[in-house]
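Values below: every heavy atom of this structure, side chains too, minus hydrogens, waters and symmetry copies.
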Amino acid sequence: MKLPPVEYEAPTTVAEAIDLLAEHGDEASVLAGGQSLIPLLALRLARPEVLIDINRVDELSGVSAADGHVTIGAMTREYMAEESGTVADTLPLLAAALPLIGHEASAAAGR
């Protein structure tokens, strides 16, 4: 099924994303992974005027450790956390659990 017409924005900073959300308000939807939103759009169950794709906002990705705390960014892909030395070194239980989440992507999907 074809998606309805929608304006598409792809900010590269958190500040840009916030400005777009403030500008468009309830008429905007945030696109992160798309597993939930894209099917809703295709079925016409969601009708935002603007999609704000936050996949290019690098500030939202990554794993870091400081002062006894580990931070995993909201847009960090599961496989990135799974392969992180920081997670393995500081959160061994999480590191052991991550390979058990979901299933391996098919070769056609790639990473």
Next on the checklist: Before you tell me yes or no, could you show the steps for Ile72 and Leu94 under side chain to side chain contact (heavy atoms under 4.5 Å, CB included), namely the whole-Å CA-CA distance, both residues' side-chain angles and the distance that decides it to 0.1 Å?
Outcome noted: CA-CA 12 Å; Ile72 300 175; Leu94 178 60; 3.9 Å; yes
Item to check | Derivation and outcome, side chain to side chain contact (heavy atoms under 4.5 Å, CB included), residues Glu49 and Val6 | outcome: CA-CA 5 Å; Glu49 290 182 15; Val6 62; 5.8 Å; no
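Atom CG of Leu93 has 12 or fewer heavy atoms from other residues, nucleotides or ligands within 6.0 Å.
In this structure, Ile101 and Glu78 approach most closely via the heavy-atom pair CB-OE2, 4.4 Å. Between Ala81 and Val63, the shortest heavy-atom contact is CA-CG2, 4.3 Å. Residue Asn55 comes nearest to Leu31 through the heavy atom pair ND2-O, 3.8 Å, listed as atom of the first residue, atom of the second, then distance. Annotation for Pro4 and Arg47: closest pair CB-NH2, 4.4 Å, computed over non-hydrogen atoms. Closest non-hydrogen pair, Ala88 versus Ala95, comes out as CA-CB, 3.8 Å. Considering all non-hydrogen atoms of both residues, Pro48 and Ala28 come closest at CB-C, 4.3 Å.
How far OG of Ser29 is from CG of Leu41: 7.0 Å, rounded to the nearest 0.5 Å. The structure places CD of Glu7 at 8.5 Å from CG of Leu20, a figure rounded to the nearest 0.5 Å. For the atom pair CG of Leu51 and NE2 of His24, the computed distance is 11.0 Å after rounding to the nearest 0.5 Å. Atoms CG and CD, on Asp19 and Glu9 in that order, are 11.0 Å from each other to the nearest 0.5 Å.
Here the side chain of Glu16 pairs a donor or acceptor atom with the backbone of Thr12 at under 3.5 angstrom. Looking only at distances, a side-chain donor or acceptor of Thr76 sits under 3.5 Å from a matching main-chain atom of Gly62.
Val50 and Leu45 are not part of a single hydrophobic cluster, where members link through side-chain heavy atoms under 4.5 Å apart. Taking hydrophobic clusters as Ile, Leu, Val, Met, Phe, Trp and Tyr residues chained together by side-chain heavy-atom distances below 4.5 Å, Leu43 shares a cluster with Leu40.
Annotation: side chain of Pro11 is in contact with side chain of Ile52 (closest heavy-atom distance under 4.5 Å).
Evaluation of the side chain to side chain contact (heavy atoms under 4.5 Å, CB included) rule for Ala32 yields Ile54, Met75 as partners, not counting sequence neighbours. Checked against side chain to side chain donor-acceptor pair (under 3.5 Å), Asp58 has no partners two or more places apart in sequence or in another chain. Applying the side chain to side chain donor-acceptor pair (under 3.5 Å) criterion to Glu59, with sequence neighbours excluded, gives no partner residue.
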